[in-house]
Amino acid sequence: MATPDASPSHRDNLKVMNRFELTKRLVARLARDEAVVAGIGNTNFDLWAAGRRPQNFYMLGSMGLACPIALGVALAQPDRGVVALEGDGSLLMQLGCLSTIAVAGPKNLTIVVMDNGCYQITGGQPTSTGVAADIVAIAQGCGLSRSWWAADEHMFDSLLARALKEGGPSLIAVRLDDAPATATTERDPARIRDRFMRGVGAKA
Ligand SMILES: Cc1ncc(C[n+]2csc(CCOP(=O)(O)OP(=O)(O)O)c2C)c(N)n1
């Protein structure tokens, strides 16, 4: 099994992977009704396409909220695994949440950063991760010591299994191709909220 020690130190050394493929792998690994909170745009579109689960929450409208919402769920339900899926552009808009998560230290929270180096859904404008910034180094600097790049799909699987089993908070970043999302999430925020609340037992 690949270990975090083998994790590359920089985005440049990574295989360029596909978001939908990785999202399917992630969903297939969830065996304990883990909550998955996906950020605005392609990240939640591909989660939607990977199969509807009542424990999935699909953010619409505002960037940067996957990790803060997932932090709230993780603190409210410490016995449930919680995964945040966020795009690099959205995370860059809300970097402070990483240090807040490091301080709060929820063991049941795993963050997956879908780094395609651009704001893809609004036209592919480049983000700083495609040029200079390193999300894993930023996360480690915020105090999230369990932060790793996944060099390929196999390492993604291994790191995810480890994060879910050992406890975190953990952050796994992946470098993505420019393939568009495979579907579009139903745009009904009230239904999304209600289904999720029922899915995690927060509403009868
Ligand atoms: C606060 C805010 N600013 C700008 C937008 C417009 N906007 C929506 S999605 C998006 C890009 C998201 O980029 P990223 O999170 O990297 O995801 P990707 O599109 O690459 O999948 C932008 C700029 C917004 N919805 N909210």
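Reckoned from all heavy atoms, side chains included, excluding hydrogens, waters and symmetry mates. Counting starts at 1 for both ligands and their atoms, following the listed order.
To the nearest 0.5 angstrom, M59 atom CE is 12.0 Å from T185 atom OG1.
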- Message: Run the side chain to side chain donor-acceptor pair (under 3.5 Å) test on R19 and Q120 for me, step by step, so that the C-alpha distance in whole Å, both residues' side-chain angles and the decisive distance to 0.1 Å come before the verdict.
- Response: CA-CA 12 Å; R19 181 178 45 238; Q120 185 182 26; 3.1 Å; yes

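Nearest approach of I192 to E186, heavy atoms of both residues: CD1-O, 3.6 Å.
In this structure the side chain of L176 never reaches within 4.5 angstrom of the side chain of N18, judged on heavy atoms. Counting heavy atoms from C-beta outward, M63 and Q94 have side chains that stay 4.5 Å or more apart. Taking the side chain as every heavy atom from C-beta outward, Q77 and V200 approach each other to under 4.5 Å.
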Write out each pair where an N or O from ligand 1 and one from the protein are under 3.5 Å apart, with the distance.
from: ligand 1; atom 1: 15 (O); to: S90; atom 2: N; distance (Å): 2.9
from: ligand 1; atom 1: 15 (O); to: S90; atom 2: OG; distance (Å): 2.6
from: ligand 1; atom 1: 16 (O); to: D88; atom 2: OD1; distance (Å): 3.3
from: ligand 1; atom 1: 16 (O); to: G89; atom 2: N; distance (Å): 2.8
from: ligand 1; atom 1: 16 (O); to: C118; atom 2: O; distance (Å): 3.2
from: ligand 1; atom 1: 19 (O); to: Q120; atom 2: N; distance (Å): 3.1
from: ligand 1; atom 1: 19 (O); to: I121; atom 2: N; distance (Å): 2.8
from: ligand 1; atom 1: 20 (O); to: N116; atom 2: OD1; distance (Å): 3.3
from: ligand 1; atom 1: 20 (O); to: N116; atom 2: ND2; distance (Å): 2.9
from: ligand 1; atom 1: 20 (O); to: C118; atom 2: O; distance (Å): 2.9
from: ligand 1; atom 1: 20 (O); to: Q120; atom 2: N; distance (Å): 2.9
from: ligand 1; atom 1: 21 (O); to: N42; atom 2: ND2; distance (Å): 3.1
from: ligand 1; atom 1: 25 (N); to: G61; atom 2: O; distance (Å): 2.8

